[in-house]
Amino acid sequence: MSGSPDDLPFFGDDETPRPPSAAPRAGGIAARAMAARQGAAAPYLEGLNPEQRLAVETTEGPVLVLAGAGTGKTRVLTTRIAHILATGRAYPSQILAVTFTNKAAREMKARIGVLVGQAIEGMPWLGTFHSIGVKLLRRHAELAGLKSSFTILDTDDQIRLLKQLIQAEGLDDKRWPARQFAQMIDGWKNKGLVPKDIPEGDARAFANGKGRELYTAYQERLKTLNAVDFGDLLLHPIRIFRENPDVLAEYHRKFKYILVDEYQDTNTAQYLWLRLLAQRPQIKSGLPAEGRARDRAPGDVSPAPAEDQPPQAAERPVSENKQQQINICCVGDDDQSIYGWRGAEVDNILRFEKDFPGATVIRLERNYRSTAHILGAASHLIAHNEGRLGKTLFTDAADPDDPKVKVHAAWDSEEEARALGEEIEALQAKEHALNDMAILVRASFQMREFEDRFVTLGLNYRVIGGPRFYERMEIRDALAYFRVVAQGADDLAFERIVNVPKRGLGEAAVRQIHDVARMRGAPLLQAARDLVGTEEMKPKPRAALRNLVESFERWQGMLERTPHTELAELILEESGYTDMWKNDRSAEAPGRLENLKELIRSMEEYESLRGFLEHVALVMDAERDEELDAVSLMTLHSAKGLEFDTVFLPGWEEGLFPHQRALDEGGRSGLEEERRLAYVGLTRAKKNLHVWFTSNRRIHGLWQSTIPSRFLDELPEAHVEVAEDGGAYGGYGRPLGDRQPGRPNPYGPSRFDEAAEVFSSTYATPGWQRAQKNRTDATARNWGTRSGHQVERIGYGETDSGYGAGRGSVKGRTIEGELVAKSVADSPSAFKVGDRVFHLKFGNGNVAAIDGNKLTIDFDKAGQKRVLDGFVERA
DNA sequence: TATATGCTCATTTTT
DNA sequence: TGAGCATATA
């Protein structure tokens, strides 16, 4: 982002835009532009299908491209930019292109580079919402009461700050956790709400009604720290635009084309931000934000969010202003909106045509990724959602040999992992690269079982997602040192490392520094410097502090003349930070030292320490090792945008997927988002798709029986088959003997023995049928209600099959508003200590202890386990 | 200041 | 169940 010519002069390069008719410069673009104008298809247009081409060539006016999974979305976006440039419609700096992730931005830059050649000097305004926000804010910082050198706080800093504020208010920080409040603030900022705008109900909900005060105090504190959080990167520009029409007008003049990737993921703040930039006189009549009824969960009685208020004056189109038309093009897929829980408003994309009257809507439905079976399955599933813009993916590349989508059953998660591992090994034997396979789970706890299994098998795997490099403790500590050196006033950074490694500067010392800082209105480092010159501190801490302050001064003095990697290394050495880990005997210590080395290495790419810090604040991703051939393991969320030849989707059980919490908290729209998540999962696969479910899963340490996900039932029979290993219980792994032959399988052997048959006829087990019935009976209106307490016992031995069972009070699980499972805790346990019992998974054993419906059993073979009494019977 | 013990919580995650 | 956090304890 730095170093582009656009950074320095204010609007420098496009004060005098080249008129479209000007003679093109010799070279790549010009030649192509000529070609384009003369009607000969420019080379970059070749190979586009008609819809894609239309999306590329409809450069004027608002355009919405509904790009289904695997339909060449990125290609359209990049080609469109190339086209705009090549035909001389705009300079690179007149195009605003926003993405959500750095990865997407990087990819786009690279691809445009390839299309256009090096004739352009990069795209200064191609980046994430946040990186562009930083850029805007650095230019106009003073209008937000900041200095342009402001620092960007991450979540960790944010939480520490909030905690201080909560304590300063005299509130109990356990009753009112800073983390939770940080989330609330995020939520407000996602909606574009500053303290005075937040709904009264929200304001009261936190800290004995002090929510609003705390939010205000937080914003003030940020200002004094000359800092912003991620949300501010959008909010400040919005406010600046609203309050300074002249500034906004500059950008209106500047940006001729706006492109937005993943529009379905935009939140309200991003929407407002975009609309400010893209507003045109035409919008005047249909003020978009009005009368927008958000889909709410029943029972949500909080007042309408402020986003429903009419926009403020500054946003209103200035009709008399003869501004140029700004052409906005949003690309997205409403069916892949899976981030509602973090503020994304699917509504933004659903409403596009109203927001931008006269918009051209182009659907990309030709899929280049998956087989017809996979597409058929995905399309059929997603068709169960209401409120879609509607698309149906198709492919021309149908091959009769393509395998159908396979559904597999497993007894429990352990067997699921084992069977899946075998499947992978079998594929590997058939020369399939592990890199082409992925396991996509709903929740990260599911990964563990696979990891364990793969370790046993010696199968390479990689976890995508997980804790990020820059979030690791040692990295953040190191960065804090660098921050203090580069920006002496960074109090949060200073605080983080004053006593890391331990220098005897405990709570008391820090308190003292704080007091001085507050009294003088100076940063902590400054205060510390003053403090060591006085007698106020005890000798020991004073010496330690003096040493630290002097070190910082020394390092700051070296900042300009020492190569930054060298300086960084020196800082970590001299501060004792490296030694701290060298002396640490714990298992992670070597890894942490390795990470620190990696950090220094990664700094080499940057020109200076400051440049590096700027990058780090926004780019939180780490590269993956492409060399290794390994199976990818990740959540469904992190799989969006990726594709693999073979995809495994384990854990398709009610309660896990769709996740119970999504159902409880999100109601119908929660379910629909889960379904979109399933759709995302299915459409990641190019050739082979395997879906799994188990009958038993351990939740919070207790074994629970589960029923197959309703999503399985929403897959079309024509494209799905039940895997031949379907008798997985017997087929894979567990020897029959383990299962006590002759004993009736309490949970219903039919499911496993006749899996194939069973699946094609809606999983004809008793439990499933009952669930089915409940589902049919329960109307959609019942969402989220607690009424209709229907008691049911599933399986054998008075089993409680509900998630959350065994937790004491309310038991059972809601399926579309009906309780199908129930507690057995109300009734005294049918067992007593010493009873001989049998358990399906663990075999025979003796009851060692009883706690409500939870039994501790000493199993003959499996050792001591805790299980629900519903899972055992008398032996 | 280091270790022990208790308590709470348990989807998804970018910037 | 078990991880992460916070307080208790010596």
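Keep in mind that what you see is a predicted model, and the values were worked out from it rather than measured. Each chain gets a letter, A, B and so on, in the order its sequence line appears, and its residues count up from 1.
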- Could you tell me whether the phosphate oxygens of B/dT12, OP1 or OP2, come under 4.0 Å of any side-chain nitrogen or oxygen in A/Ser638?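 Checking B/dT12 against A/Ser638, no side-chain N or O comes under 4.0 Å of OP1 or OP2.
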Checking contacts here: which listed nucleotide ([options]) is nearest the side-chain heavy atoms of [X]?
X	options	result
A/His700	B/dA10, B/dT15, B/dT12	B/dA10
A/Arg661	C/dA6, B/dT15, B/dT11	B/dT11
A/Thr128	B/dT15, B/dA2, B/dT12	B/dT15
A/Tyr339	B/dT13, B/dT15, B/dT12	B/dT13

- In chain order, what residues pass the salt bridge (charged side-chain N to carboxylate O under 4.0 Å, His left out) check against A/Glu673, with sequence neighbours excluded? A/Arg676
- Message: Going by salt bridge (charged side-chain N to carboxylate O under 4.0 Å, His left out), name the residues that satisfy it together with A/Arg160, two or more places apart in sequence or in a different chain.
- Response: A/Asp157
- Are the ring of A/Trp341 and the six-membered base ring of B/dT12 within the stacking cut-offs of under 5.5 Å and under 30°?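 Yes, A/Trp341 stacks on the base of B/dT12, since the ring centres sit under 5.5 Å apart and the planes are within 30°.
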- Item | Under 5.5 Å and under 30°: A/His659 stacked on B/dT11 |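 It does: the ring sits over the base of B/dT11.
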- Task: Have a look at A/Thr266 and tell me which of A/Asp347, A/Asn348, A/Asn190 forms a side-chain hydrogen bond (donor to acceptor under 3.5 Å, both in side chains) with it.
- Result: A/Asn348
- Query: Going by the side chain to side chain donor-acceptor pair (under 3.5 Å) test, which pairs reach into residues 331-342 of chain A, not counting sequence neighbours?
  - Reply: A/Asp333-A/Gln336, A/Asp333-A/Lys391, A/Asp335-A/Arg388, A/Asp335-A/Lys391, A/Gln336-A/Arg684, A/Trp341-A/His637
Can you tell me how far [atom1] in [N] sits from the matching atom in [M], rounded to whole Å?
N	M	atom1	answer
C/dC5	B/dT12	C1'	23 Å
C/dG4	B/dT11	P	14 Å
B/dT13	C/dG2	C1'	23 Å

Identify all pairs in which a protein N or O lies below 3.5 Å from an N or O of nucleotides 8-10 of chain C, and state each distance.
none

- Query: Contact class for A/Arg448 vs. all strands (heavy atom < 4.0 Å): base, sugar-phosphate, or nothing?
  - Reply: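 Sugar-phosphate, no base atom in range.
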- Message: Over 60° means perpendicular and under 30° means parallel, so tell me whether A/Tyr606 and A/His615 are parallel, tilted or perpendicular.
- Response: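 A/Tyr606 and A/His615: tilted rings.
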- Item | With A/Tyr218 via ring pair (Phe, Tyr, Trp, His ring centres under 6.0 Å) - residues at least two apart | none
Compile the donor-acceptor pairs under 3.5 Å between side chains in residues 438-445 of chain A and protein atoms, sequence neighbours left out, one pair per line.
residue: A/Arg442; atom: NH1; partner: A/Glu674; partner atom: OE1; Å: 2.7
residue: A/Arg442; atom: NH1; partner: A/Glu674; partner atom: OE2; Å: 2.7

- Query: For the side chain of A/Arg342 and the base of B/dT12, is some donor closer than 3.5 Å to an acceptor across the two?
  - Reply: no
